[in-house]
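Notes follow the structure.
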Amino acid sequence: MHELSLCGDLMEQVAAIAKTHRAEKVARIIVRIGPLSGIEPMLLESAFSIIKEGTLAEQAELSMETLTIRVLCNCCQLESEATVNNLICRHCGAYDTQLLSGDELILARVELLNAG
């Protein structure tokens, strides 16, 4: 389950952000996941519940947003959306495309809590 190591890396980034902003707790972590990332959202959620124990994010919610798959056509040079098993150009139908997005895991936002 590589989601566990990914969550560990994610929590290191979150801890650094919280330290920089002198936060007492992390309320919410928002990540964006591409369909081609190889990440299973349910496994990521499970790994997150394990990794967050004993950290500033112990009570934090993990929110996941799904990104779209985008390709650039090497024939017509236009960008278009694609699907997991169909990375063809929607404009000219060519199979000669380059993946622009859809395989990433991005830490989009961290919501922090400070003493009030």
* Would you call Ile106 and Leu67 a side-chain contact if the rule is heavy atoms closer than 4.5 Å? -> yes
* **Side-chain heavy atoms of Arg32 within contact of Glu104, under 4.5 Å** => no
* To do: Decide, yes or no, whether a salt bridge links Lys52 with Glu58 under the criterion of side-chain N to carboxylate O below 4.0 Å.
  => no
* To do: Test Glu65 against Ser63 for side chain to side chain donor-acceptor pair (under 3.5 Å), laying out the working first.
  => CA-CA 7 Å; Glu65 300 172 353; Ser63 296; over 6 Å; no
* Asked: Got a donor-acceptor contact below 3.5 angstrom from the Thr97 side chain to the Leu87 backbone?
  -> yes
* Is the count of non-hydrogen atoms from other residues, nucleotides or ligands lying under 6.0 Å from Glu111 atom CD greater than 12? -> yes
* Asked: Looking at side-chain heavy atoms only, is the closest gap between Ile51 and Leu10 below 4.5 Å?
  -> no
* Asked: Considering only heavy atoms from C-beta outward, does the side chain of Val26 approach that of Val110 to under 4.5 Å?
  -> yes
* Report yes or no: do Thr55 and Glu53 form a side-chain donor-acceptor pair below 3.5 Å? => no
* **Ile69: which of Asp103, Thr83, Val84, Asn86 passes side-chain contact (heavy atoms from CB on, under 4.5 Å)** => Val84
* Is Leu100 close to Glu79 at the side-chain level, that is, under 4.5 Å between some pair of heavy atoms? -> yes
* Asked: Cys92 versus Cys73: any side-chain heavy-atom pair under 4.5 Å?
  -> yes
* Are any non-hydrogen side-chain atoms of Lys25 and Leu112 less than 4.5 angstrom apart? -> no
* Using only heavy-atom distances, determine whether the side chains of Arg70 and Ser80 contain a donor-acceptor pair under 3.5 Å. => no
* **Sub-4.5 Å side-chain heavy-atom contact between Met11 and Phe48** => yes
